[in-house]
2 protein chains.
Amino acid sequence: MSVTIRDVARHAGVSVATASRALTGSRNVRPELAARVADAARTLCYNHNAVARALRRGRTNTVGMVVPEIGNPFFPAIVEAVERRLEERGMDLILCDAQQDIAIERRRVLTLVGRQVDGLIIVPVSATDSRAALLEAQRSIPIVQVDRFADNLSADWVGVDDEVGIAQAVDHVASLGATRCVFVSAKPKTSSAQQRLTGFETAVHRAGLDSPAPLLDEFSVDWGRRAALELIARGERLPDAVICGNDVIAFGVLSEFRRHHVRVPEDVLVTGFDDIRFAELADPPLTTVRQPRDRMATECLRLLDIRIADPDAATQRIAISPTLVIRESTGGHS
Amino acid sequence: MSVTIRDVARHAGVSVATASRALTGSRNVRPELAARVADAARTLCYNHNAVARALRRGRTNTVGMVVPEIGNPFFPAIVEAVERRLEERGMDLILCDAQQDIAIERRRVLTLVGRQVDGLIIVPVSATDSRAALLEAQRSIPIVQVDRFADNLSADWVGVDDEVGIAQAVDHVASLGATRCVFVSAKPKTSSAQQRLTGFETAVHRAGLDSPAPLLDEFSVDWGRRAALELIARGERLPDAVICGNDVIAFGVLSEFRRHHVRVPEDVLVTGFDDIRFAELADPPLTTVRQPRDRMATECLRLLDIRIADPDAATQRIAISPTLVIRESTGGHS
DNA sequence: CAAGTCAGGGTAATCGATTACCCACAGGGA
DNA sequence: TCCCTGTGGGTAATCGATTACCCTGACTTG
């Protein structure tokens, strides 16, 4: 059914070795023969079998990527940046979704290893529970973590400095006169959630702000809504500012505040984290901490290159400083 | 470096055939030996080489998927639904982004073919220009198109009935008293854009509405903004309703209207298409046409199964009826 | 002119897993 | 007892491309 290099070789009247060499350019071939091979390949519509090539070469020219859940727009944004970089160098990306489930994540990772990808880029689902699978995979292929990292794992990482990012948000609302400031984020099951939480605590302490107990559950719109409802339902005075652990939470908060006629920024300041594409389209447009995705993607592939070249190179953790983007949810002007 | 089935066989003191049979269960093996093999595999941390298996079996247990641009949240939503279905049956997904570029799309498709995926699910970038690559790929593997389809291509398709969807939106605004109704969408380079356009024209005609020339460019937030600006800049009376070709355009329109103090729905009604996750979080929450993504994913895999089983089965086009979700952008209540 | 070098061709080993094919042996039936 | 069948084991072919290795002939060089 499928056209193989044998067919091409026969059609061109040369050996398979010559056909292969002509097609891949791995060695010189007399121009005349090369042309015959090229013709044969074209007329037969030859398309090389990447599986066979990968088996022989032991490399696939492909990197695998696993994200916790593709439904959170922050991840497609990273994926997009990585894809673009890979595209430039003619490599492919195999993308997998872990559906926020460490069992699925593990299966995906092992599948990618079995598929002989040249490297793995992963945003781990959990700080504690993703470790095992990564440790196992690491014995076979280079791994670079992005955005989040697993605890106690000696693997490269690139992300933003979450503590600095949250501190920027806190300092910003403090400078606007906020004195009571609540943090709505995810349970510290991921490194991001952990670091943003400690970042928040450090920052409010340093700024001398009053902060009720943080509301922690998960990075979702729905949780943002429930948290906002809870704040409203408490009946006490609303905080001056709600610092959200990421943008989707902030979306939920904004939406629920709007529904209950809590005005942002007049009554409460709200900030997010990530600067996903829709942040500037929220009502009001969301002040948030921007993660420099292109920069992250570039660094990420650089780390991967280094590790592919030398699996024993010292592991690096690169924390890029994020920037605060001020919009109307804290009174900025659009 | 890597543990192979040879190592497992040696360690268990059996032949590779037995090891393979024990591990895959492809034939009976004496329980005692099976246990030895299982032990060996466990202690050596054997992970089968999917590349070698694929080469031998000619199947990969994997489907490939190509989407026009993963940045548009509608596509990750479809991907998510497909992934979930595949996960249920223990298959993998290789996802690629075509970056809205038919050259890249072509490369991705051929890569997937070369990688021997068992089937290909694609949302074609262009109605006219995606055809060639798909035609070529079709000779090697089963293809199912989702959401959009390529012209003159005999391939399965599953999507929503765009004409019906747009008609629902038009009828809805007409029932609310709108008499002047403008369509903001993408140039008819994709089947969706084409069908939504003709759907719009048919519907306004049938409803006897007045409609200025449609504003057509691309499915992006930015175009939504520019289109809204243009409507405002014209200086004439704004239309009663703006029907958008998809949700991201509607987001742009809403955002620009808000910036210019055009009230929605009081001054203008606005509708979208797709019902992406953020549609209900827009300000005001967006009335839109919901695409039943799970249903589409299910149908899509069903079609793929049929085609894998019988490559010569008659091609099917399944148009699912979408439902209108009424929210505040047309005066509905949340 | 002999020896050495090099370019370019072919043959066959190789990557790792699966499986077609063959063989030995046990058990059953005539 | 002899033949037949079924079970479970091993050996080696196989998937398709790449490439190690070998060989031939042309060209250089002393």
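Predicted model, so just to flag it, every value in this text is computed and none were measured. All values below come from the heavy atoms of this structure, side chains included, with hydrogens, waters and symmetry mates left out. Sequence lines set the chain letters: A, B, ... in the order given, protein chains first and strands last, and positions in each chain run from 1.
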(message) By nearest heavy atom, map B/R56 and A/N47 onto DNA chain D; which one lands nearer the 5' end?
(response) B/R56
(message) With nearest nucleotide decided by heavy atoms, which residue, B/G13 or A/V51, maps closer to the 5′ end of DNA chain D?
(response) B/G13
Measure from [atom1] on [X] to [atom2] on [N] and round the result to the nearest Å.
X      : N      : atom1 : atom2 : value
B/I5   : C/dC15 : CD1   : P     : 15 Å
A/L44  : D/dA17 : CG    : P     : 12 Å
A/E32  : C/dG9  : CD    : C1'   : 13 Å
A/N28  : C/dC6  : CG    : P     : 14 Å
A/R115 : C/dA17 : CZ    : P     : 15 Å
A/R21  : D/dT18 : CZ    : P     : 11 Å
B/R30  : C/dA26 : CZ    : P     : 12 Å
B/R53  : C/dC15 : CZ    : P     : 19 Å

(message) Assess whether a salt bridge exists between B/R84 and B/E87, defined as any Lys/Arg side-chain N lying under 4.0 Å from an Asp/Glu carboxylate O.
(response) no
(message) For B/D39, is there an ion pair with B/R42 - N to carboxylate O distance below 4.0 angstrom?
(response) yes
As a test of reading the structure: which of [options] is closest to the side chain of [X], going by heavy atoms?
X     : options               : value
B/S15 : D/dA17, D/dT11, C/dG9 : D/dT11
B/L33 : C/dT18, D/dG9, C/dG10 : D/dG9
B/L55 : C/dA17, C/dG9, D/dG16 : D/dG16

(message) Could you walk me through whether A/R302 and A/E299 satisfy the salt bridge (Lys or Arg N to Asp or Glu O under 4.0 Å) test, starting with their C-alpha distance in whole Å, then the side-chain angles of each, then the deciding distance to 0.1 Å, before giving a yes or no?
(response) CA-CA 5 Å; A/R302 195 173 61 79; A/E299 290 295 323; 2.8 Å; yes
(request) Have a look at A/T4 and say if it touches a base, only the backbone sugar-phosphate, or nothing, with a 4.0 Å heavy-atom cut-off. (result) sugar-phosphate
(request) Looking at every strand, decide which applies to A/L23 at a 4.0 Å heavy-atom threshold: base, sugar-phosphate, or nothing. (result) nothing
(message) For C/dG10 and A/T18 - does any side-chain N or O of the residue sit under 4.0 Å from the phosphate oxygens OP1/OP2?
(response) yes
(message) If you compare every side-chain N and O of B/S20 against the phosphate oxygens of C/dT18 (OP1, OP2), does one of them come in below 4.0 Å?
(response) yes
(message) Using side-chain heavy atoms (C-beta onward) and a distance below 4.5 Å, is A/I94 in contact with B/L95?
(response) no
(request) State the CD1-CE distance between A/I78 and A/M65, to the nearest 0.5 angstrom. (result) 6.0 Å
(request) Please figure out whether B/R57 or B/R27 has its closest DNA chain C nucleotide nearer the 5' end. (result) B/R57
